[in-house]
Amino acid sequence: MSFNFKGLNEEQQKAVQCTEGPVLILAGAGSGKTRTLTHRIAYLLLEKKVKPSSVMAVTFTNKAAREMRSRIEEILGSTIAPLWMGTFHSICARILRREAEHLGLGQNFTIYDVDDQVRALKKVIALLSVPQQIYSAKLIQNRLSRVKNRFLFPADLEKMEPQDGLDEYLPDIYREYQKYLMSNNAVDFDDLLLKPIELFNKNEKIRKKYADKFRYVLVDEYQDTNHAQYLFIKKLVQDHHNICVVGDEDQSIYGWRGADISNILNFNKDFPEASVFRLEENYRSHDNILKAANAVVKNNESRIGKNLWTKLQAGDKIRLYEADDELDEAKHIVEVIHDEMFTKKRNFRDIAVLYRTNAQSRVIEDALRKNDINYTIVGGTRFYDRKEIKDILAYLKIIVNPADSISLKRIVNFPLRGIGETTISKIEKFAEIEQIILFEALGRVEEIASISPAMSARVLEFYKLIKNFIGLSSELSLVELVSTLTSETGIMHHYQTEYDQYESESRVENIRELFNSIEQFTEERKRDKQPADLAAFLEEVSLLTDVDTWNQANSAVTLMTLHAAKGLEFPVVYITGLEMGLLPLQRTMAQLAELEEERRLLYVGMTRAEENLYLSYTRQRRRYSSSVVNTPSLFLDEIPSELIEMITSGKGKTSVGRGRKKSRSKKIQAYFEHAGSQIDEDSEFKVGQPVYHATFGKGKIVSLEGRGENMKITVYFTDEDITKKLIKQYANLSPIEAT
DNA sequence: CAGCTGTATCTTTTT
DNA sequence: GATACAGCTG
C-alpha cells in the first residue's frame with residue numbers, strides 16, 4: 001500500500017517526502033502547516049519505517065502537541081506513544097528528569113514559575129544588599145531571564161561592559177540565585193532549556209545518546225524560538241542534519257520574550273544544503289480578509305516576503321467600527337454576536353474576540369455577561385495561578401521535594417498557625433549555620449535557644465504534619481492524597497469560613513475543580529500507561545498554559561489576547577482597540593523593530609478569521625484611572641479602503657465619520673513619507689550628528705528617512721555596539737556636541 | 001504575631 | 001481599580 005497524499009497540494013507533498021537533511025518550510029498563515037507536519041511524520045513512520053522513538057517534534061503549545069499526536073495516530077491507525085512531542089519546556093523537563101543526577105539535581109526537582117523566581121530573587125538581593133528601591137525583584141527577574149535565554153552565564157556577563165547600574169550587580173545576583181535554586185533542588189523556566197544544553201556541552205556521551213536517539217527532529221513555529229532553544233536543537237542535529245523547521249517570519253510575535261527572528265531568517269546560513277519549501281496557498285480566509293492582512297504586513301521591512309493567495313471567494317468586507325469609548329465598543333461586540341448568531345446562524349464557538357492587553361477583557365466580559373452570552377476567557381490569571389490552588393500546590397511541592405523552601409515559606413503559616421516572620425527567619429539562620437535545608441531545620445527547632453518551647457511545639461506540629469504526608473504520598477492515590485490534605489491542613493475549612501459567601505463559594509469550587517483535574521490527569525496517564533505520580537502531575541501543571549486547557553468545542557465565545565490566538569482559527573474574529581498607543585502599544589512605537597512586531601501581531605489576529613472580520617477602535621478609552629483620547633491605529637490606514645466597510649453607531653455618525661477620515665489619511669501620509677522624499681533641511685538631525693538616547697546611550701546618526709515628526713532615524717550606538725532604527729516623534733533623541 | 005489601613009504600582013504580550 | 005506591601009496597632 002502506498003502513502004496516501006490525498007488533500008495535500010504539490011508543494012506540501014514535496015515537503016512531506018523530503019525526509020533527509022535540513023528542511024525549511026516557510027508556511028504562511030492558514031496554508032495547511034499542521035497538515036503538512038502531521039503527514040510528514042506519518043510518512044516517516046509508514047514509508048521510511050522510522051521508529052516513533054527516533055522522532056522528536058517540538059510544538060509551541062501542549063495543546064498543539066496533543067492534537068498533532070492524535071491526528072497522526074488517526075492516519076496510522078496505531079498509537080505512537082514513544083514519539084516525543086511537546087513544547088521545548090516539556091521536552092527539556094523530560095530530559096532533565098532523566099539526567100538530573102549528572103547536574104547535581106535530585107530527580108524530584110521543583111520547577112519555579114515567575115512568582116517563585118521573584119521570591120527567590122528577593123532573598124538573594126537582600127543578601128547582596130542590592131538597592132531594592134531602584135532595582136525591583138521583578139525587574140531583575142526580567143533582565144535575568146533575557147540573559148539566560150541568550151545562554152549567557154555569570155562569567156560571560158563579567159566579560160561584558162556594564163550598560164547600567166543593574167549590570168554591575170547582575171553577575172553576582174545571577175550566581176547567588178542559581179546557588180539558591182540548587183539548594184532548593186529547583187530550576188526555573190529558563191533552566192529547563194539551559195541545563196540540558198549545559199549537560200550536552202560538558203558530557204559528549206550523553207549528547208551523543210540523545211542525538212543518536214532522535215534521528216529526526218521537527219520544530220514548529222520556528223520563528224518564535226530563542227537562542228537557547230536554537231542551541232538545544234543544534235546540539236541534537238549536528239551529526240545527522242535531519243532537521244525540519246516550519247515557520248512564518250510574519251507571525252513572529254515573541255521578540256520581547258527573547259525569540260530571535262534571525263533563527264528562521266538565517267536557517268540557510270546554518271544549513272547551506274537545506275531544501276526550502278514555500279506554502280503560500282491559504283485555505284482558511286476569504287479573499288478580502290487575506291488581501292487586507294497582506295496589505296498590512298507588507299509594510300514590514302524585516303521579512304523574507306511571500307505572496308499568500310487563496311482560491312476562496314472574496315467574501316464580506318472587513319467591518320470597521322468607531323466606538324465612543326470602551327463601553328460602546330463592548331456594546332457593539334454584543335450586537336455583532338447577536339447578528340452573527342441570528343442572521344448567519346452561527347454558534348457561540350464560532351466567534352473570537354481578540355485584544356492587545358488582558359486588561360481590555362473586563363469591560364467586554366461585563367457586557368457579554370449582562371446579555372447572557374456564554375464566553376470563555378483564555379489567559380489572564382491561569383487557573384493554576386489562583387491563590388487557593390497555588391497554596392495547595394505548594395503543599396504538594398514540599399511533599400515531593402522537601403528542599404523547596406520557597407513553597408515551604410508560602411504555607412508554613414497558612415492556614416494561620418501562629419508561626420510568624422520572625423520565627424521563620426530564626427530557623428532560616430539556623431539552617432544556614434547547620435548547612436541543612438529549611439525543612440530539616442523545622443524538625444530541629446528545639447535546638448534554637450531564642451525560640452520559646454510553645455512556639456517550638458507549633459513548628460514541630462507542622463513538621464510532623466508534612467512528614468506524615470510524605471509517608472502517605474506513596475500509599476494513597478493522588479486524589480485521595482490531595483483531598484486528605486485539604487481537609488487535614490484546614491485549607492478547606494479556611495476557605496469555607498473565612499470569606500464572604502460569594503468568594504467562599506468560588507474558591508471552594510476552584511478547589512473541587514482541582515480535584516477534577518487531578519482525576520482527569522490520573523485517567524489520561526493510565527490510558528497512556530505512564531505513572532500518575534505527584535511529581536508528574538506537578539510538572540504538567542507548571543508547564544501548562546491557558547490555551548492548553550481551552551476547549552473550542554464548548555459553546556461559548558472565546559476572549560483572548562492576540563498572542564494567545566496564534567495557531568487558532570475562527571469563522572468570525574473581532575479585534576478590538578486598534579488605536580495608537582494600544583495597538584501598536586505606546587512603548588513599542590519608537591523603535592521600528594518593535595513597531596513591526598506589533599504589526600505582525602495584528603496580522604496574526606486578522607489571519608485567524610475565516611469568513612468575517614471585525615475591527616474597532618475607540619475615540620476615548622479609560623486607561624488606569626483617567627480617560628485618554630485616541631487616534632486610530634496607523635495600521636488601519638494600511639488596509640485598502642475598498643476592503644473596508646465603515647460602521648458607525650446610531651448617534652452623530654456622519655460628522656464623526658467625515659472628520660476622522662481626513663485626519664487619518666493625513667497622519668498616515670506623514671508617517672510613511674518614504675526614502676524618496678526630500679530630506680528635511682531644517683531638522684536638527686543630520687547624518688553624522690552625534691546624539692544621546694536615555695536607554696542606548698551615545699550614538700551617531702547613520703541615515704534618515706522621511707521628514708518631520710515621523711522621520712525614521714537610524715542610529716549606531718557606540719556603547720552598545722548596535723544599530724537601531726528609531727521614529728523621531730517617540731524616540732526622545734537629543735543632539736549632543738561632537739566629542 | 002495578626003489584622004488593619006493607606007499607598008504605590010501596575011498594564012504588553014507568556015513558557 | 002485591583003492588589004501587594006509596608007507600617008502601625010492591639
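In what follows, chains carry the letters A, B, and so on, assigned in the order in which the sequence lines appear, proteins first and then strands, with residues in each chain numbered from 1.
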Under 4.0 Å between a side-chain N/O of [X] and OP1 or OP2 of [N], yes or no?
X: A:Thr61; N: B:dT15; result: no
X: A:Asn358; N: B:dT14; result: yes
X: A:Asn62; N: B:dT15; result: no

What residues form a side-chain hydrogen bond (donor to acceptor under 3.5 Å, both in side chains) with A:Lys390, not counting sequence neighbours?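 A:Lys390 satisfies side-chain hydrogen bond (donor to acceptor under 3.5 Å, both in side chains) with A:Asp113, A:Asp115 only.
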
Set of residues satisfying side-chain hydrogen bond (donor to acceptor under 3.5 Å, both in side chains) with respect to A:Ser517, sequence neighbours excluded: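 Expected list: A:Tyr384.
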
Secondary structure of DNA chain C per the Watson-Crick/G-U criterion (both distances under 3.5 Å; [ ] crossing, | other strand, . unpaired) is .|||||||||

Mind checking what makes side-chain contact (heavy atoms from CB on, under 4.5 Å) contact with [X], not counting sequence neighbours?
X: A:Ala228; value: A:Leu193, A:Leu194, A:Ile197, A:Asn226
X: A:Thr357; value: A:Ala359, A:Gln360, A:Leu582, A:Leu585
X: A:Val219; value: A:Val58, A:Phe88, A:Val217, A:Tyr222, A:Thr225, A:Ile233, A:Ile243, A:Val245
X: A:Ala565; value: A:Leu354, A:Met560, A:Arg608

With sequence neighbours left out, what residues match A:Phe521 under ring pair (Phe, Tyr, Trp, His ring centres under 6.0 Å)?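 For A:Phe521, the residues satisfying ring pair (Phe, Tyr, Trp, His ring centres under 6.0 Å) (neighbours in sequence not counted) are A:Phe537.
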
What is the distance from [atom1] of [X] to [atom2] of [N], rounded to the nearest Å?
X: A:Ile261; N: B:dT13; atom1: CD1; atom2: P; value: 21 Å
X: A:Met560; N: B:dT14; atom1: CE; atom2: P; value: 11 Å
X: A:Gln586; N: B:dT11; atom1: CD; atom2: C1'; value: 13 Å
X: A:Arg146; N: B:dT14; atom1: CZ; atom2: P; value: 15 Å
X: A:Gln117; N: B:dT15; atom1: CD; atom2: C1'; value: 10 Å
X: A:Asn142; N: B:dT14; atom1: CG; atom2: C1'; value: 11 Å
X: A:Phe414; N: B:dG3; atom1: CZ; atom2: P; value: 12 Å

Check: protein-nucleotides 2-6 of chain C nitrogen or oxygen pairs below 3.5 Å:
unit_1, atom_1, unit_2, atom_2, d
C:dC5, OP1, A:Lys122, NZ, 3.0

Are any of the side-chain nitrogens in A:Lys195 or A:Glu99 under 4.0 Å away from the carboxylate oxygens of its partner?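 So A:Lys195 does not pair with A:Glu99 through a salt bridge.
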
Using the six-membered base ring of B:dT13, report whether A:Tyr254 stacks on it, requiring centroids under 5.5 Å and planes under 30° apart.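 Given the distance and angle limits, no, they do not stack.
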
